[in-house]
Amino acid sequence: MRSDGTEFWSARKLVQLTEYETWRNFAAAVERAKIACQNSGSAPQDHFVDAVKMIELGKGGRREVEDFELSRFGAYLVVMNGDPRKMAIAAAQAYFAIRTRQAEVAERGLADVIDLAAARLRLIQTAQGLIDPGHLEAKARIVLARGLGDAPELDTATTPLYAQTYLEEKGLDRTEIKSMSPVFGKRIKAAYVLEYGKDPKQYPLETATGQVRNVNAYTESDRPLLDAVWAKYYGGAA
């Protein structure tokens with residue numbers, strides 16, 4: 001760690017970890033890494049800083065030797081440009097290759113999440129003026145929070161709750177939900193009308209197949225009503 005708090009790796013320390021017998025051979029790998037750094041569009045001087053290191057000699061003597069202060073990226077390039085015949089280098093190269101692949105998969109997954117969130121937000125935007133603003137705001141908050149990997153902070157009076165979602169929470173599979181949804185939905189609606197004297201509002205819902213259709217929509221404040229219907233007709237068993 002430097003005095004300014006930035007981290008670095010000593011090339012002299014790395015040469016020991018990668019099982020090089022001579023500094024000369026390792027220094028050649030450093031030079032190849034500098035070229036790779038330059039070709040990647042990065043400035044080598046930012047990742048390979050010339051330095052010196054004091055080593056202990058016999059009888060209390062000391063001597064300065066060449067060293068490099070490597071950034072994380074610099075250390076990575078040195079390993080990737082090292083001699084793969086050395087077991088430590090081969091193992092490190094395999095490790096970096098696996099981690100790079102994992103990062104690519106994670107990045108692709110994140111891009112898919114972002115695209116899905118953007119599509120859902122566009123759908124929400126087109127519903128402005130047609131659907132209760134509180135419901136739209138709650139839906140938008142949910143989409144944004146999920147896209148960011150966070151838990152949305154919502155008011156139960158505006159947080160949407162659908163019959164399909166409720167059944168999914170009960171652990172039912174897609175076939176069971178498809179079979180049960182029509183009757184379950186009618187029973188919830190009947191209970192809602194009995195409780196409030198009016199029909200529930202309808203909102204667009206994206207189904208598991210990607211279709212968008214209008215369904216009766218409730219909020220988290222209506223969950224006790226759905227629980228009562230579930231307990232009455234399905235024995236309360238998940």
Ignoring hydrogens, what is the shortest heavy-atom contact between [X] and [Y]? Give both atom names and the distance.
| X | Y | answer |
| --- | --- | --- |
| Ala29 | Gly82 | CB-CA, 4.2 Å |
| Asp83 | Tyr20 | N-OH, 2.9 Å |
| Ala11 | Trp23 | CB-CH2, 3.8 Å |
| Tyr192 | Lys198 | CD2-O, 3.3 Å |
| Tyr162 | Asn216 | CD2-O, 4.2 Å |
| Ile177 | Leu167 | CG1-CB, 4.0 Å |

* Residues that Tyr166 engages under ring pair (Phe, Tyr, Trp, His ring centres under 6.0 Å), provided they are two or more places apart ->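 In terms of ring pair (Phe, Tyr, Trp, His ring centres under 6.0 Å), with neighbours along the sequence ignored, Tyr166 is linked to Phe184.
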Note, [X] side chain near [Y] side chain (heavy atom, < 4.5 Å):
| X | Y | answer |
| --- | --- | --- |
| Glu19 | Phe26 | no |
| Phe68 | Asp50 | yes |
| Lys178 | Arg174 | no |

* To do: Mind checking side chain to side chain donor-acceptor pair (under 3.5 Å) for Ser10 and listing every partner two or more places apart, or none if nothing turns up?
  =>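 Side chain to side chain donor-acceptor pair (under 3.5 Å) list for Ser10, sorted by chain: Asp67.
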* **Derivation of the side chain to side chain contact (heavy atoms under 4.5 Å, CB included) call for Leu70 and Phe48** => CA-CA 5 Å; Leu70 307 173; Phe48 305 86; 3.4 Å; yes
Are [X] and [Y] connected, step by step, through hydrophobic side chains (Ile, Leu, Val, Met, Phe, Trp, Tyr) whose heavy atoms are closer than 4.5 Å?
| X | Y | answer |
| --- | --- | --- |
| Val183 | Leu225 | yes |
| Val52 | Trp9 | no |
| Ile35 | Tyr76 | no |
| Tyr233 | Trp230 | yes |
| Val193 | Tyr218 | no |

* Asked: What residue among Met87, Lys86, Arg85 forms side-chain contact (heavy atoms from CB on, under 4.5 Å) with Ile89?
  ->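 Exactly one candidate clears the test, Lys86.
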* Residues Lys186, Lys189; criterion side chain to side chain contact (heavy atoms under 4.5 Å, CB included); working and verdict -> CA-CA 5 Å; Lys186 290 177 180 178; Lys189 180 180 179 180; 5.7 Å; no
* Quick one: do Lys170 and Glu176 make a salt bridge, cutoff under 4.0 Å? ->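 Result for this pair is no, no salt bridge flagged.
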* Evaluate the side chain to side chain contact (heavy atoms under 4.5 Å, CB included) criterion for residues His47 and Leu77: first the C-alpha distance (whole Å), next the side-chain angles of each, then the deciding distance (0.1 Å), finally the verdict. => CA-CA 10 Å; His47 303 281; Leu77 288 178; over 6 Å; no
